[in-house]
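First up is the structure itself, then whatever we jot down about it.
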Amino acid sequence: MERRVERQTRRGTGRMALLPLLWLGALAGMPATAATVPEPELAPVEGQCVVLLHGLGRTHRSMGRIESALRAAGYATASIDYPSQSQTIEASARAAIPEGVRECRAAGAHTVHFVTHSMGGLLLRYYLSEREVEGLGRAVMLAPPNQGSEVADALVGTAFYDRVNGPAGAQLVTGPQGIAARLGPVAFPLGIITGNEQTAIDSVMATRIPGENDGKVSVERARVEGMSDFMVLPVNHTFMVLNDVVIGQTLQFLRYGAFLHEEPGL
């Protein structure tokens, strides 16, 4: 029997507070070299909820800064824990996403959005390839391995990688045996943010990844056919969820369906 999914859900409701004018991105030591997101004129978001899905080896706490910003913006939230290292992506998706939707419904939401980090994006793609979410809104994926990861290619089969990352880790490869190869284009409003910087720890494996990458996923492999918008920021894979520019752009897409791109020539 699959281990029962541990859940931690927090909700935020009420009228929306004004967002900070600048999203500085300094918390993780990453300069905000991208265009800052100015405070827009915001309409109420009553009845809207965001399900947050963390990545491999993380917990709901890794999404805490994004969740706080969403709640301050007036969204209800459901930040879901799932045992990412002990079961397949399919099993995690079938448990975590319905739980998030149920929590959103309990909060009175008629529209359900998603924000995912890393492997959490594959959970969402898999689930929506098989089932519908009534009242589905928009989704933002942060550093998703939408076409797999060369890091997984290099490490799958080694004792440490397999022991730490479990069956889901083996599914992140780029070849036909990976889950990404079995998932088709997306058919929902999706914005993707990925990075082109690495932590010191990830810099070694980054040499295995062709082109710009965040230490775990290449910029090109974050893309997926059917996406609505795509943005590359100077952030790394692990700490981008703490970056204020990333968070600001996430709010921008959930609200308007597009990122705020820097104007040419500015």
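For this chain, numbers begin at 1 and follow the sequence in order. Side chains included, hydrogens not; waters and symmetry mates left out as well; all remaining heavy atoms used.
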Checklist outcome for this item: Closest heavy-atom pair, Gly215 versus Ala206, reported as atoms and distance to 0.1 Å, is CA-CB, 4.1 Å
Mind listing the side-chain donor-acceptor pairs of residues 104-112 below 3.5 Å, one per line with the distance, residues two or more places apart or on another chain?
residue, atom, partner, partner atom, Å
Arg105, NH1, Ala109, O, 3.4
Arg105, NH2, Glu134, O, 2.3

Checklist outcome for this item: On a heavy-atom basis, the closest approach of Gly184 and Arg125 is O-NH2, 2.9 Å
Next on the checklist: Check this for me: does any side-chain nitrogen of one of Asp244 and Arg65 sit under 4.0 Å from a carboxylate oxygen of the other?
Outcome noted: yes
Item to check | Under 3.5 Å: donor-acceptor pair, side chain of Gln147, backbone of Ala222 | outcome: no
Checklist entry - Is there side-chain contact between Ile97 and Val51, with heavy atoms separated by less than 4.5 Å? => result no
Next on the checklist: Which residue is it: Val219, Val224, Leu190, Ile193? I am looking for the one with a side chain to side chain contact (heavy atoms under 4.5 Å, CB included) to Phe230.
Outcome noted: Val219
Next on the checklist: Quick check on the hydrophobic clustering: are Ile179 and Met119 connected, directly or via other members, by side-chain heavy-atom contacts under 4.5 Å?
Outcome noted: yes
Checklist entry - Taking atom types as modelled, is there a side-chain donor on Ser84 or His54 under 3.5 Å from an acceptor on the other? => result no
Checklist entry - So, for Ala96 and Leu53, which heavy atoms are closest and what is the spacing to 0.1 Å? => result CB-CD2, 4.2 Å
Next on the checklist: Nearest 0.5 angstrom please: Asn213 CG to Arg208 CZ, how far?
Outcome noted: 12.5 Å
Next on the checklist: Are Pro144 and Ile192 packed together at the side-chain level, in the sense that at least one heavy-atom pair is separated by less than 4.5 angstrom?
Outcome noted: yes
Next on the checklist: Quick one, Arg61 with Glu67, criterion salt bridge (Lys or Arg N to Asp or Glu O under 4.0 Å). Give me CA distance, side-chain angles, the key distance, then yes/no.
Outcome noted: CA-CA 9 Å; Arg61 294 182 179 85; Glu67 184 181 19; over 6 Å; no
Checklist entry - Going through the checks in order, is the side-chain hydrogen bond (donor to acceptor under 3.5 Å, both in side chains) test met by Arg182 and Tyr126? => result CA-CA 9 Å; Arg182 305 196 303 271; Tyr126 170 75; over 6 Å; no
Next on the checklist: Checking Leu155 against Asp162 for the side chain to side chain contact (heavy atoms under 4.5 Å, CB included) test, could you report, in this order, the C-alpha distance in whole Å, the side-chain angles of both residues, the deciding distance, and whether it holds?
Outcome noted: CA-CA 8 Å; Leu155 297 180; Asp162 292 350; over 6 Å; no
Item to check | Test side chain to side chain contact (heavy atoms under 4.5 Å, CB included) applied to Asp214 and Asn196, step by step | outcome: CA-CA 5 Å; Asp214 65 4; Asn196 58 7; over 6 Å; no
Checklist entry - So, the side chain of Thr250 versus the backbone of Val246: is there a donor-acceptor pair under 3.5 Å, distance only? => result yes
Next on the checklist: Using the rule given for side chain to side chain contact (heavy atoms under 4.5 Å, CB included), can you reason through Phe188 versus Val133, listing the C-alpha separation, both sets of side-chain angles and the distance that settles it, and then say yes or no?
Outcome noted: CA-CA 11 Å; Phe188 53 91; Val133 171; over 6 Å; no
Checklist entry - Do the side chain of Arg138 and the main chain of Arg255 share a donor and acceptor less than 3.5 angstrom apart? => result yes
Item to check | Leu172 side chain near Ile89 side chain, heavy-atom distance below 4.5 Å | outcome: yes
Next on the checklist: I'd like to know whether CD of Glu132 has more than 12 heavy-atom contacts from other residues, nucleotides or ligands below 6.0 angstrom.
Outcome noted: no
Item to check | Donor-acceptor contact present, side-chain Tyr75 to main-chain Val45, <3.5 Å | outcome: no
Checklist entry - Do the side chains of Val101 and Phe114 get nearer than 4.5 Å, heavy atoms only? => result yes
Next on the checklist: Go through it in stages, so that I can follow the logic: the residues are Thr238 and Asp202, the test is side chain to side chain contact (heavy atoms under 4.5 Å, CB included), and I'd like the CA-CA distance, side-chain angles, deciding distance and then a yes or no.
Outcome noted: CA-CA 9 Å; Thr238 301; Asp202 287 336; 3.9 Å; yes
Checklist entry - Are Leu52 and Ile66 close enough that some pair of their side-chain heavy atoms sits under 4.5 Å apart? => result yes
Item to check | Check: His261/Asp229 side-chain N/O donor and acceptor closer than 3.5 Å | outcome: yes
Next on the checklist: Please check this pair: side chain of Ser92 against backbone of Thr88, looking for a donor-acceptor N/O pair closer than 3.5 Å.
Outcome noted: yes
Checklist entry - Hey, are the side chains of Pro210 and Glu150 touching, using non-hydrogen atoms and a 4.5 Å cut-off? => result yes
Checklist entry - Could you give the distance from CD (Gln249) to CD1 (Ile247), rounded to the nearest 0.5 Å? => result 11.5 Å
Item to check | Distance-only polar pair, side chains of Glu90 and Gln171, donor-acceptor under 3.5 Å | outcome: yes
Next on the checklist: With heavy-atom distances below 4.5 Å as the criterion, would you say the side chains of Ile209 and Arg221 are in contact?
Outcome noted: no
Item to check | Asn236 and Thr199: side chain donor to acceptor below 3.5 Å | outcome: no
Item to check | Gln198 side chain reached by Lys216 side chain, heavy atoms, under 4.5 Å | outcome: no
Checklist entry - Arg223 and Asn146: side-chain hydrogen bond (donor to acceptor under 3.5 Å, both in side chains), yes or no, with the steps? => result CA-CA 6 Å; Arg223 298 178 183 272; Asn146 274 323; over 6 Å; no
Next on the checklist: Count I, L, V, M, F, W, Y as connected when their side-chain heavy atoms are under 4.5 Å apart, and connections chain through other members. Are Val140 and Val217 then in the same cluster?
Outcome noted: no
